[in-house]
Asker: 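Attaching a single structure in structure tokens format; questions to follow.
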Amino acid sequence: QVQLVESGGGLVQAGGSLRLSCAASGRTFSTYAMGWFRQAPGKEREFVAAINWSGSITYYADSVKGRFTISRDNAKNTVYLQMNSLEAEDTAVYYCASRSWVAVTTDNEYDYWGQGTQVTVSS
């Protein structure tokens, strides 16, 4: 029922910035909590950031606090991840995911997932 499509990934040098977007289908985006997760080769998928239905509550992994910002525009059915001061360790496939209302940090609590977008940071 919910389709999520990520975009905005690419190749950047360390210290650079990217903004990822996740566009959602459906009529009830304003009721979704949204999360960003990432997975690097040989590693498990890990939490990056999450935002509740209204944008009033956000969570960040310790590794990205102060560098990444999650935001949403409910009028556009879109959630964003602004990534600044990128490091080689940020290289991964980034996924957005959705669930109802409340933001959480565990991937098994999310119901729908996008296809992912590659972010590569050169050192």
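Remember, it's a predicted structure, so these values are computed and weren't measured experimentally.
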Asker: Donor-acceptor pair, Ser30 side chain versus Asn74 backbone, under 3.5 Å?
Answerer: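 No; zero donor-acceptor contacts below 3.5 Å.
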Asker: I need the full list of disulfide (SG to SG under 2.5 Å) pairs touching residues 27-87, with sequence neighbours left out, sorted by first then second residue.
Answerer: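 Residue pairs passing disulfide (SG to SG under 2.5 Å), neighbours aside: none found.
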Asker: In chain order, what residues pass the salt bridge (charged side-chain N to carboxylate O under 4.0 Å, His left out) check against Arg45, with sequence neighbours excluded?
Answerer: Asp107
Asker: Tell me whether the rings of Trp53 and Trp101 are parallel (<30°), tilted (30 to 60°) or perpendicular (>60°).
Answerer: perpendicular
Asker: Got a sec, which residues hit side-chain hydrogen bond (donor to acceptor under 3.5 Å, both in side chains) with Ser123, two or more places apart in sequence or on another chain?
Answerer: none
Asker: Which pairs, with at least one residue in residues 30-40 and sequence neighbours excluded, count as a salt bridge (charged side-chain N to carboxylate O under 4.0 Å, His left out)?
Answerer: Arg38-Glu46, Arg38-Asp90
Asker: Looking only at the aromatic ring of each residue, does the gap between the centers of Phe47 and Tyr59 stay below 6.0 angstrom?
Answerer: no
Asker: Provide the full list of salt bridge (charged side-chain N to carboxylate O under 4.0 Å, His left out) pairs with a residue in residues 54-63, sequence neighbours left out, each pair given once.
Answerer: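 Sorted pair list: Asp62-Lys65.
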Asker: Report the residues that fulfil side-chain contact (heavy atoms from CB on, under 4.5 Å) with Gln115, sequence neighbours left out, ordered by chain and then residue number.
Answerer: Val5, Glu6
Asker: Can you list every disulfide (SG to SG under 2.5 Å) pair that touches residues 31-81, not counting sequence neighbours?
Answerer: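 Counting only pairs at least two positions apart or across chains, no disulfide (SG to SG under 2.5 Å) contact touches residues 31-81.
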Asker: To the nearest 0.5 Å, how far apart are CE in Met34 and OH in Tyr110?
Answerer: 8.5 Å
Asker: Supply the members, apart from Tyr80, of the Ile/Leu/Val/Met/Phe/Trp/Tyr cluster built from side-chain contacts under 4.5 Å; use none for a lone residue.
Answerer: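 Tyr80 clusters with nothing; isolated.
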Asker: According to the disulfide (SG to SG under 2.5 Å) rule, which pairs have a member within residues 21-115, sequence neighbours left out?
Answerer: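 Disulfide (SG to SG under 2.5 Å) check on residues 21-115 returns Cys22-Cys96.
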Asker: Measure the CG-CZ distance between Asn77 and Arg72 for me, rounded to the nearest 0.5 Å.
Answerer: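 Taking CG in Asn77 and CZ in Arg72, the distance rounds to 9.0 Å.
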Asker: Can you sort out the partners of Gln82 under side-chain hydrogen bond (donor to acceptor under 3.5 Å, both in side chains), two or more places apart, ordered by chain and number?
Answerer: Asn84
Asker: Residues two or more places apart in sequence or in another chain: which of them pass side-chain hydrogen bond (donor to acceptor under 3.5 Å, both in side chains) with Thr105?
Answerer: none
Asker: Could you work out, with side-chain contact (heavy atoms from CB on, under 4.5 Å) as the rule, every residue matching Val12, not counting sequence neighbours?
Answerer: Leu18, Leu86, Val121
Asker: Just how far is it from atom CG of Leu81 to atom CZ of Phe37, taken to the nearest 0.5 Å?
Answerer: 12.0 Å
